[in-house]
K.L.:
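Pasting a structure below so you can have a look.
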Amino acid sequence: MIKNIKSYIENIFIRFFINFKKYEKIYFNPEELNFSLINFIDQKKIKSIYLNINSLNVNIQNKNSQVYHSFDWLNYSKKLGGANNIKRANQIIESWIDKHRSINSPLWSVDFVSSRYINIVYALDFLSILFDQKLKEKIYRFLYLHYWLLKNQLNYNNKKYKIQSLKALLLGNCIYKRGIKKSLKLLNNLFNDQIDSFGFHKSYNALEHSRFINDLHEIKNIFLFFQVPKNKILLFQINNMTAVIQNLFHHDKSLILFNGSRNTNLKEVNKVINLSKDIIPKKIDSNEEGLVFFKDNEKSIFMDIVRPINETVNSSIHASTLAFELSCKGEKIITNCGSIDRGGFIDDDYLRYSAAHSTIILNNTNISELNRNKSYRRVPNKITFNKEDQKGYILWNSGHNGYINNFNKIISRKIKIIKNKNEIIGEDSFMSTKSNTNNIIYHIRFHLMPHCNCILTNNKKNAILQINKQSWTFKTSSLLSIEDSIYVNNENKIQQTKQIVISGHVSSRKKIEYWKISKHE
């Protein structure tokens with residue numbers, strides 16, 4: 001009964017905004033209100049969903065339907081153009097308005113509200129061609145409802161929010177000529193919460209980092225159009241983050257594959273970098289906040305020391321603590337498996353697991369335990385890192401306690417990078433915090449690129465790697481195995497590849513595995 005009354009009140013509230021509230025005008029020509037720059041959405045998937053909206057399962061749990069409810073399909077409808085598509089788009093929007101009136105529904109979350117608001121505003125020039133007065137007022141009131149909800153959700157909600165939501169609010173403030181100063185404060189708070197002291201987005205995901213920069217450019221263009229005074233912090237962060245992202249590329253010009261990043265949108269990432277002219281890559285000798293990396297003229301090495309957290313900034317969650325990647329002379333050698341782009345439709349959970357990363361795994365258990373809804377129910381609460389910079393080498397010494405509750409073990413990894421040679425020396429350790437006679441299996445995985453040929457020597461303690469014109473040797477004092485693996489390539493396709501695996505058992509005593517990767521000069 002109470003639920004029915006609540007739904008009835010919500011219905012009246014929505015009906016008031018859509019049908020009776022004073023007409024809220026947009027004070028500019030709709031043709032001028034499109035500030036979109038680089039689109040990261042897969043147009044083929046959007047096309048398929050747009051053309052099949054009438055037969056779509058619009059349940060919120062259906063990933064395809066999220067494109068419908070966010071109005072992301074409008075981008076493709078506008079691209080197609082023509083009177084039939086204008087009419088169809090308006091009909092879909094009007095139908096949606098009539099069907100979804102409960103503002104307590106997940107369809108009215110801040111993410112959906114932000115997406116719908118931006119998508120409609122950016123498509124107004126297209127939609128308004130066939131507006132009659134009744135439909136025009138209905139859609140403009142529908143827009144104002146979204147703005148009103150955003151204003152309340154972001155101004156009074158202490159939870160973290162995404163830059164897209166703030167972009168939508170800023171756009172609304174400029175259109176309706178109110179609240180700009182308040183939203184500028186929210187923008188500064190966003191910078192403090194989501195960008196670290198070096199200028200890295202705290203997702204430590206190269207793709208998320210570039211999307212963030214793209215949104216900052218859109219906000220800058222909105223400010224220019226509406227003659228909002230220049231925001232020095234905004235301009236600084238655009239340049240700062242553009243200079244920083246150039247550290248997140250391997251020697252083969254691919255992106256590093258940490259925390260859900262992938263190379264499917266490599267073209268878009270490079271376009272984002274080119275939005276700012278003459279930005280010199282920022283030289284960072286030591287970043288100890290999320291990703292640690294070493295680069296010289298021949299090799300690049302990256303390692304994950306991110307502490308996983310359930311926050312907006314970590315939307316692409318992977319269990320990859322202490323994973324590393326290696327590239328040299330234009331070729332990538334050691335990699336993580338990557339992340340496939342399903343357009344947000346299907347979760348490939350196995351690509352988020354620790355086993356899909358070049359790291360150390362106990363008992364085939366994730367270092368961080370992942371929920372189906374992309375959040376953590378168990379994480380390392382302590383990740384340590386220190387660095388030594390000596391004349392002939394760099395030494396990274398890191399560790400985590402992600403397995404302490406499950407198996408009473410602390411994991412550490414030392415990586416020694418030889419400066420004047422293409423060689424790295426590794427030392428992976430298992431420390432017990434309690435006496436335990438149970439033998440626990442461990443695997444240390446080194447995923448290889450698909451173009452890397454790998455064979456074991458007779459003693460099964462060495463492996464020879466051949467990558468085009470490069471030859472490498474992987475050595476260890478333990479027995480090795482070569483197992484099947486996968487890699488998500490730049491075309492968003494899964495390729496078969498191989499991985500080198502060191503495995504064994506550890507009990508109450510300390511156990512150390514030594515390994516070395518060196519290039520044949």
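Basis for what follows: all heavy atoms, side chains included, without hydrogens, waters or symmetry-related copies.
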K.L.:
Against the six-membered ring of Tyr403, is Lys409 placed for a cation-pi contact (under 6.0 Å from the centre, within 45° of the normal)?
P.N.:
no
K.L.:
Are there over 12 heavy-atom neighbours, none belonging to Lys421, within less than 6.0 Å of that residue's NZ?
P.N.:
no
K.L.:
Taking the side chain as every heavy atom from C-beta outward, state whether Ile245 and Val269 have any atom pair closer than 4.5 Å.
P.N.:
yes
K.L.:
Under 3.5 Å, is there a donor-acceptor pair linking the side chains of His400 and Thr321?
P.N.:
no
K.L.:
Quick one: does Ser358's side chain get under 4.5 Å of Glu325's, heavy atoms only?
P.N.:
no
K.L.:
Checking side chain to side chain contact (heavy atoms under 4.5 Å, CB included) between Leu480 and each of Thr457, Leu456, Ile444, which is the one that passes?
P.N.:
Leu456
K.L.:
Please answer whether the main-chain N or O of Val110 pairs with a side-chain N or O of Ser114 as donor and acceptor at a distance below 3.5 Å.
P.N.:
yes
K.L.:
Could you tell me whether the side chains of Asn75 and Asn39 share a donor-acceptor contact shorter than 3.5 Å?
P.N.:
yes
K.L.:
Looking at residues at least two apart in the chain, or sitting in another chain, which of them share a side-chain contact (heavy atoms from CB on, under 4.5 Å) with His251?
P.N.:
Ser300, Ser327
K.L.:
Looking at Lys295, I want to see if its NZ is surrounded by more than 12 non-hydrogen atoms of other residues, nucleotides or ligands under 6.0 Å.
P.N.:
yes
K.L.:
Tell me, do Asp304 and Tyr204 make a side-chain contact under 4.5 Å, heavy atoms counted?
P.N.:
no
K.L.:
For Asp428, what residues pass the salt bridge (charged side-chain N to carboxylate O under 4.0 Å, His left out) criterion, not counting sequence neighbours?
P.N.:
Arg413
K.L.:
Would you sort out whether Arg445 and Glu483 count as a salt bridge (charged side-chain N to carboxylate O under 4.0 Å, His left out), showing the intermediate values?
P.N.:
CA-CA 10 Å; Arg445 302 185 181 276; Glu483 298 181 7; 3.4 Å; yes
K.L.:
When rounded to the nearest 0.5 angstrom, what distance separates CG in Asn240 from CG in Leu235?
P.N.:
12.5 Å
K.L.:
Side chains of Phe385 and Asn397: does their closest heavy-atom pair fall under 4.5 Å?
P.N.:
no
K.L.:
Checking His520 against Thr473: is there a side-chain donor and acceptor pair closer than 3.5 Å?
P.N.:
yes
K.L.:
Could you tell me whether the side chain of Ile486 reaches within less than 4.5 Å of the side chain of Gln495, counting heavy atoms only?
P.N.:
no
K.L.:
Can you check whether Cys328 reaches Gln470 side chain to side chain, under 4.5 Å on heavy atoms?
P.N.:
yes
K.L.:
Quick one: does Trp515's side chain get under 4.5 Å of Ile424's, heavy atoms only?
P.N.:
yes
K.L.:
Do Ser203 and His201 have side-chain atoms, one donor and one acceptor, less than 3.5 Å apart?
P.N.:
yes
K.L.:
For Ile455, what residues pass the side-chain contact (heavy atoms from CB on, under 4.5 Å) criterion, not counting sequence neighbours?
P.N.:
Ile464
K.L.:
Give a yes or no on this: more than 12 heavy atoms of other residues, nucleotides or ligands lie within 6.0 Å of atom NZ of Lys282.
P.N.:
yes
K.L.:
Measure the acute angle between the ring planes of Tyr122 and Phe35, then classify it against the limits of 30° and 60° as parallel, tilted or perpendicular.
P.N.:
perpendicular
K.L.:
With no hydrogens and no angle check, is any side-chain donor or acceptor of Thr433 less than 3.5 Å from a backbone partner on Asn408?
P.N.:
yes
